[in-house]
Structure formats: C-alpha cells, structure tokens
Amino acid sequence: MVLILDIGNTTTKFGVFYKNKLVKSIITPTKKNRIPKIVGIDSIYIGSVVTSINKKISSQLFKQYKLKPKLIRSKDFKNQFNLSKFNINEIGLDILALAMYIKSLNKKALGICFGTATFAIAINNKNIYGVSIAPSIEFGLKHLGNLTELTKTNNVCHKYLLSFGNSTKTALTSGGSHMARGYILSCLDYCKNKYDINHCYITGGKSDAIIGLPNNISHIDNAILKGYYLVARVQTG
C-alpha cells in the first residue's frame, strides 16, 4: 500500500492507496504534525506546500514506518505538463496536483479548489492555460467575524444557501454561498469563451455543499491527494 501526504497550510491529509484506489484517508491539523499508525505501508510520498516542515515530517515518518519518504517536487510534473511559460518555483504543488487529477478525468477542463486559498486552473491535455488564485471564502468570513460582532453566532452553517438569510448566521452562509458560486461561474464563463472549456470540477472545503450549480460542474473528493498519487505512480512506473 502507498501512503500519500497532502500537506496544506491548514490541514494535512494522509491517503492510503491500494490497487490504484484511495481506501483510507485521515485529516489532521498541519500544525500538530501528527503521524497516524497504518499497517501495511510499502512506500510513502509527500506533496507539501509548507516546505518548512518537510524535514521534520520526513523524520517522523521514517521513525514510524522505517521507510524513507519521497518528496514530490515541481519538476516531477514536467513530463505531464508544458510548464515553459510558468516560473516553476511559484506555481504551487497543490495546483499541479489538481491539474494532474483533472487531466485523468477530462483532458480539457477547469478545476477549482476551495482551501486556505481558492484557486482555479484551466487545462487542455498537457497545456496549462493559466491559474487564478483568490482569498479563501471560508477564512474570509471567519476574519470578518473576528473584526466584528458576527462570530457570536458560532460560524456559518454547513449547508450553503442561495437565498438571503434571516439571521446573522444564515446571512453569512448566504454570502459564502453566493461568493463561491459566483467564483465558479465566472471562471467557467471565462474559460468557455477563451478556451472552449465546458466542464468544471470543484473540490476542497465545503464544495460538496454548494448548491444550484449547472450539470457541467461536478464535485470530486480528495482531488489533490489523488493527483499526488498519480505522480507517485508515474515515478514507480
């Protein structure tokens, strides 16, 4: 079995893959640096956007599993995509991982991830048209609450609303929903007109709760984790 780590700014996902399928996933806060005990791991790969902790995590993994983890790097995507117009040190690993998994589903598509930051990437086979990065909607709402009296309602609802709310909590939820939906539709509209891209995949955060989206927008789970696995599989042949 293969253990894949998706180390993000807020959370770290541990994914166990067996026969090319994700059979187990565990999420922990990145700051905690917790390593779960999983039996039967044969190899470990790390995809990280928090490079400052890579050495520490690698050491902990080696101690736990007696296996040397392999770090996934930007250069590992060079055979998968034409990155000549990008500064390879600036484009995030998570963005490339999303592109990798999206390409396995649809050669020509838009991918959007809602996380600590919100980002979108448009691809056509090996060609990456470009990337859009926006502030996190969820974190933005929490920050708004920290500056005002709004957080006294204990965060927004888990189910997004497309209507307007009748309380502070539902009003914040409505705002988050309209912002998320607006970002998706705006990016897809641009990509339709500019690149003739007609399908969008969304992942991360509470993207599965966004309602009122057209049929050409699909939700997918653990897309970045799966993208890292595809890169690891290429490396092992």
Side-chain angles (χ1 to χ4, degrees), residues 2 4-9 11 13 15 17 20-22 25 27 45-49 72-88 90-134 136-137 180-210 213-236:
V2 180
I4 304 288
L5 276 70
D6 169 17
I7 302 177
N9 290 293
T11 61
K13 288 187 178 181
F17 290 81
N20 296 329
K21 290 185 178 180
L22 178 63
S25 64
I27 302 176
Y45 291 83
I46 299 173
S48 172
V49 298
I72 296 172
R73 303 182 187 277
S74 299
K75 64 181 182 180
D76 296 322
F77 293 88
K78 280 188 173 181
N79 291 331
Q80 307 302 320
F81 298 104
N82 176 10
L83 300 174
S84 59
K85 68 179 181 179
F86 294 94
N87 181 336
I88 198 168
E90 287 188 357
I91 188 167
L93 275 185
D94 51 350
I95 296 174
L96 293 172
L98 177 61
M100 187 78 175
Y101 186 61
I102 292 299
K103 189 175 72 166
S104 74
L105 302 175
N106 192 329
K107 299 293 185 184
K108 190 175 183 180
L110 171 69
I112 297 177
C113 179
F114 294 90
T116 305
T118 301
F119 62 81
I121 186 164
I123 66 164
N124 182 0
N125 202 8
K126 285 193 171 186
N127 185 31
I128 296 178
Y129 290 122
V131 178
S132 169
I133 301 176
S136 165
I137 295 169
R181 188 172 183 270
Y183 184 77
I184 295 168
L185 296 178
S186 177
C187 287
L188 184 55
D189 183 62
Y190 174 80
C191 288
K192 279 181 180 179
N193 294 327
K194 184 74 174 180
Y195 308 121
D196 193 32
I197 289 177
N198 296 301
H199 201 93
C200 176
Y201 297 91
I202 60 174
T203 191
K206 298 183 179 69
S207 57
D208 59 332
I210 302 173
L213 296 173
N215 293 333
N216 60 335
I217 299 174
S218 308
H219 172 262
I220 49 178
D221 290 318
N222 299 305
I224 293 173
L225 198 63
K226 292 173 181 176
Y228 284 139
Y229 173 72
L230 291 177
V231 176
R233 195 174 69 179
V234 169
Q235 289 184 9
T236 57

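- The one candidate from Leu22, Ile224, Leu225 that meets the side chain to side chain contact (heavy atoms under 4.5 Å, CB included) condition with Ile4 is Leu225.
- Considering all non-hydrogen atoms of both residues, Asn222 and Lys13 come closest at OD1-NZ, 3.1 Å.
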I'd like a table of donor-acceptor pairs (distance under 3.5 Å, sequence neighbours excluded) in which one partner is a side-chain atom from residues 102-112, with atom names and distances.
residue	atom	partner	partner atom	Å
Lys103	NZ	Gln80	O	3.0
Ser104	OG	Tyr101	O	2.6
Asn106	OD1	Lys108	N	3.1
Lys108	NZ	Tyr195	O	3.3

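- The line from OH of Tyr45 to CG of Leu5 is 13.0 Å long, rounded to the nearest 0.5 Å.
- The two residues Asn125 and Phe81 make their nearest non-hydrogen contact at O-CE2, 3.7 Å.
- From Leu230, atom CG reaches atom CZ of Phe17 across 8.0 Å, with rounding to the nearest 0.5 Å.
- Applying the salt bridge (charged side-chain N to carboxylate O under 4.0 Å, His left out) test to residues at least two apart or on different chains, none of the pairs has a partner in residues 216-229.
- For the atom pair Ile210 CD1 and Arg181 CZ, the distance stands at 10.0 Å (nearest 0.5 Å).
- Minimum heavy-atom separation, Ile197 to Ala122: CD1-CB, 3.9 Å.
- Other residues, nucleotides and ligands contribute over 12 non-hydrogen atoms within 6.0 Å of the NZ atom of Lys85.
- When all heavy atoms of Cys113 and Gly204 are compared, the closest pair comes out as SG-CA, 4.4 Å.
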Check against side chain to side chain contact (heavy atoms under 4.5 Å, CB included), Ile133 and Ile95
CA-CA 10 Å; Ile133 301 176; Ile95 296 174; 4.2 Å; yes

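- Inter-residue side-chain proximity for Ile202 and Tyr183 is flagged as unmet; no heavy-atom pair is nearer than 4.5 Å.
- Contact of the Leu185 side chain with the Pro214 side chain is registered, since non-hydrogen atoms from C-beta on lie closer than 4.5 Å.
- Judged by distance alone, with hydrogens and angles left aside, the side-chain atoms of Ser136 form a donor-acceptor pair with the main-chain N or O of Gly115 at under 3.5 Å.
- Of the possible polar contacts, one joining the Asn216 side chain to the Asn198 backbone as a donor-acceptor pair under 3.5 Å is found.
- A donor-acceptor pair under 3.5 Å is absent between the side-chain atoms of Lys126 and the main chain of Leu83, judged by distance alone.
- A pairwise comparison of heavy atoms in Gly130 and Phe86 identifies CA-CZ, 4.2 Å as the closest pair.
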Would Val234 and Met100 count as a side chain to side chain contact (heavy atoms under 4.5 Å, CB included) here? Give the steps.
CA-CA 11 Å; Val234 169; Met100 187 78 175; 4.2 Å; yes

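- Atoms SG and NE2, on Cys200 and His219 in that order, are 11.5 Å from each other to the nearest 0.5 Å.
- Judged as a side-chain contact (heavy atoms from CB on, under 4.5 Å), and not counting sequence neighbours, the contacts of Asn87 are Asn89, Glu90.
- Here the side chains of Leu96 and Ile128 are in contact, with some heavy-atom distance below 4.5 Å.
- With rounding to the nearest 0.5 angstrom, the CG atom of Leu93 is 10.5 Å from the CD1 atom of Ile7.
- Side chains of Asp94 and Tyr228 form a contact here, defined as non-hydrogen atoms less than 4.5 Å apart.
- Of the inter-residue distances, the one linking Phe119 atom CZ with Ile91 atom CD1 reads 9.5 Å to the nearest 0.5 angstrom.
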